[in-house]
Amino acid sequence: MKQSFFAVKTDKNAPHDEGSINAQLLTRGGFVKKESAGVFSFLPIGLRVLQKIKRIIREEMNAVDMQEILMPALIPKENWQQTGRDNVDIGFKTDRNYILGWSHEEIVTPLSKLYINSYKDLPVALYQIQTKFRNEPRAKSGLLRGREFSMKDGYSFHLDREDFQKYYDRVAEAYFKTFERAGLKSYKIEAGGGEFSKLMSHEFAVITPAGEDVMLYCSACGFARNAELRENEKEEPKKCEKCGSELKKDKCVEVGNIFDLATKYSDAFNLKISDKDGKQVVPYMGCYGIGVSRLMGTIVEAFHDENGIIWPKTVAPFQVHIISLNQDEEAKKLEKELEKEGFEVLFDDRDESAGKKFADSDLIGIPLRIVISGRTIEKNSVEWKERAKNEAENTPLSEVVNKIKSFYA
RNA sequence: CGGGGCAUAGCUCAGUUGGCUAGAGUGCGCGGUUUGGGACCGUGAGGUCGCAGGUUCGAGUCCUGCUGCCCCGACCA
């Protein structure tokens with residue numbers, strides 16, 4: 001794609017009223033545009049990133065046999081009344097009998113009555129990637145806490161608690177994989193609190209100074225827990241309670257969570273199935289969330305330097321950024337060749353100074369930059385510069401395509 | 001929802017004790033010179049000074065109310 005066709009421009013100034021790194025860099029790079037507190041438009045390259053993240057999530061959810069569906073954002077008030085959640089503060093009320101969906105137990109549970117009738121239909125799990133609305137008293141930190149945001153929410157149904165537990169652990173593994181593929185090291189934290197305080201729930205957290213939470217974690221075995229959880233203890237233990245190694249303490253962002261719902265919602269909506277003996281039993285439920293747009297913000301918080309974003313290869317808006325310094329013909333040839341090989345290429349064909357092109361390239365953060373200039377053409381080569389590295393190197397023109405293939409292998 | 005800060009060109013900002021036709025940088029348009037780290041010359045367009053009221057001969061500037069945004073806290077199903 002030619003950069004000159006972009007509807008989006010970079011800006012060397014950060015918005016004066018944005019404090020967080022993700023909001024500043026994503027805005028300056030033309031990924032997002034804030035419309036009001038916690039509400040964003042996603043511009044062409046920002047949407048590309050979001051969709052890469054969604055794709056990873058879909059692949060991992062499909063891999064644990066969740067089926068994708070799409071539920072509405074407008075949820076009838078009577079559904080909320082049935083669970084007593086119609087007056088929860090974070091729900092946006094409308095002037096009709098709807099409340100904007102901030103979670104979807106109230107839709108997925110009655111919906112599932114249509115096709116879950118027997119133990120033979122279980123287990124089953126459904127998920128969606130959809131826009132959630134939460135009337136946060138204080139939206140903040142760019143994409144990290146919004147009022148309107150993209151979320152993956154999944155719900156599973158089981159004959160009994162044992163079957164649920166097996167699936168819960170399977171999803172937890174899928175979550176680790178999902179975040180790892182998005183470039184992030186995540187920790188599973190035992191979480192109490194909230195509505196489900198008596199039931200099991202876990203948060204998935206990523207370490208970054210921009211985080212709102214604090215966790216204690218063991219770098220040896222990966223065990224982690226919320227640092228505030230046991231405030232009453234005068235001194236926090238220094239050793240991991242699982243393996244005895246040193247515990248560390250850091251700020252973190254919650255990017256996912258998984259909950260044991262037990263039969264709370266099945267009961268509320270009178271969801272019942274026949275077991276093997278023909279007896280009516282109440283299915284056991286679990287619920288599984290990932291903050292999709294929050295994950296995008298978290299990635300920026302985790303991967304940037306003073307010049308801009310450094311996207312992980314798996315979620316970058318493009319794979320190769322070609323910069324031409326008065327060598328558009330050669331650059332176009334390379335662009336075509338790479339696109340034929342299936343690579344996503346951004347070609348900076350703009351009539352801008354070299355400095356501006358380099359600065360924009362660093363800001364946008366595509367993992368690999370290829371410069372073609374008079375200097376490189378002389379040597380029948382290109383300049384190879386990885387965004388994550390400081391040094392550039394010369395690469396013969398004839399080897400570039402293969403080298404890119406192995407870079408992305 | 002409590003505390004603090006901010007609001008002037010698309011963006012970042014300046015604007016003195018209230019005073020004439022509200023400025024700069026950047027971005028944008030046009031013409032030209034440039035191309036290895038935000039290069040330059042010329043020229044042009046771009047404003048309801050957040051909104052509403054008040055004080056005053058006169059308000060971007062002072063007063064009151066409101067709205068929006070950011071930060072800290074509370075909250076976070």
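Keep in mind it's a predicted model, so treat the numbers as computed, not measured. Chain A is the first sequence line, chain B the second, and so forth, proteins listed ahead of strands; every chain is numbered from 1.
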Protein N or O to nucleotides 32-34 of chain B N or O, pairs below 3.5 Å:
from, atom 1, to, atom 2, distance (Å)
B/U34, O4, A/Asp351, OD1, 2.9
B/U34, O4, A/Asp351, OD2, 3.3

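- When heavy atoms are screened at a 4.0 angstrom cut-off, A/Asn257 is found touching no nucleic acid atom at all.
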Expected rows: protein N/O vs nucleotides 42-52 of chain B N/O, under 3.5 Å:
none

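- Which of B/C70, B/G38, B/A77 sits closest to the side chain of A/Asp360 comes down to B/G38.
- Residues passing the side chain to side chain donor-acceptor pair (under 3.5 Å) test with A/Arg134: none are found, sequence neighbours excluded.
- Checked against side chain to side chain donor-acceptor pair (under 3.5 Å), A/Glu344 has the following partners two or more places apart in sequence or in another chain: A/Arg48, A/Lys52.
- By the side chain to side chain donor-acceptor pair (under 3.5 Å) test, A/Lys140 is found to be paired with A/Glu212, residues two or more places apart in sequence or in another chain being considered.
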Pairs under 3.5 Å (Watson-Crick or G-U), crossing ones as [ ], inter-strand ones as |: RNA chain B comes out as (((((((..((((.....[...)))).((((((.....)))))).....(((((..]....))))))))))))....
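- Electrostatic pairing of A/Lys333 and A/Glu330 counts as a salt bridge here, judged by a charged N lying under 4.0 Å from a carboxylate O.
- Note: A/Phe343 and A/Tyr408 have tilted aromatic rings, judged against thresholds of 30 and 60 degrees for the angle between ring planes.
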Could you list the donor-acceptor pairs under 3.5 angstrom formed by side chains in residues 395-402 of chain A, with sequence neighbours left out?
from, atom 1, to, atom 2, distance (Å)
A/Thr395, OG1, A/Lys403, NZ, 3.2

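- At B/C70, one or more side-chain N or O atoms of A/Lys34 fall inside 4.0 Å of OP1 or OP2 (strictly under the cut-off).
- Judged as a side chain to side chain donor-acceptor pair (under 3.5 Å), and not counting sequence neighbours, A/Ser150 has no contacts.
- One finds the OG1 atom of A/Thr314 at 7.0 Å from the CD1 atom of A/Ile299 (value rounded to the nearest 0.5 Å).
- If you measure from atom CZ of A/Arg350 to atom C1' of B/G38, you get 10 Å, rounded to the nearest angstrom.
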Got a list of side-chain donor-acceptor pairs under 3.5 Å for residues 153-161 of chain A, not counting sequence neighbours?
from, atom 1, to, atom 2, distance (Å)
A/Asp153, OD1, A/Gln128, NE2, 3.3
A/Asp153, OD1, A/Lys132, NZ, 3.1
A/Asp153, OD2, A/Gln128, NE2, 3.2
A/Asp153, OD2, A/Lys132, NZ, 3.1
A/Asp153, OD2, A/Tyr155, OH, 2.6
A/Tyr155, OH, A/His104, N, 2.9
A/Ser156, OG, A/His158, NE2, 2.7
A/Ser156, OG, A/Tyr288, OH, 2.6
A/His158, ND1, A/Asp163, OD2, 2.8
A/Asp160, OD1, A/Glu162, N, 3.3
A/Asp160, OD1, A/Asp163, N, 2.9
A/Arg161, NE, A/Tyr284, OH, 3.1
A/Arg161, NH1, A/Gln165, OE1, 3.4
A/Arg161, NH2, A/Asp260, OD2, 3.4

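- With B/G38, B/C76, B/A77 as the candidates, the nucleotide lying closest to the side chain of A/Asp213 is B/C76.
- For the atom pair NZ (A/Lys34) and CG (A/Leu26), the distance works out to 12.5 Å, reported to the nearest 0.5 Å.
- Comparing B/A74 with B/G27, their C1' atoms sit 41 Å apart, to the nearest whole Å.
- Every side chain to side chain contact (heavy atoms under 4.5 Å, CB included) that A/Lys188 has, sequence neighbours left out, goes to A/Ala172, A/Phe176, A/His202, A/Phe204.
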Quick tally for nucleotides 3-13 of chain B: nucleotides whose base has a protein heavy atom under 4.0 Å get B, sugar-phosphate-only ones S, the rest -, giving --------BSS
Pairwise N/O distances under 3.5 Å, protein to nucleotides 73-75 of chain B:
from, atom 1, to, atom 2, distance (Å)
B/G73, N7, A/Arg138, NH1, 3.2
B/C75, O2, A/Arg145, NH1, 3.4
B/C75, N3, A/Arg145, NH1, 3.2
B/C75, N3, A/Arg145, NH2, 3.2
B/C75, N4, A/Arg145, NH2, 3.2

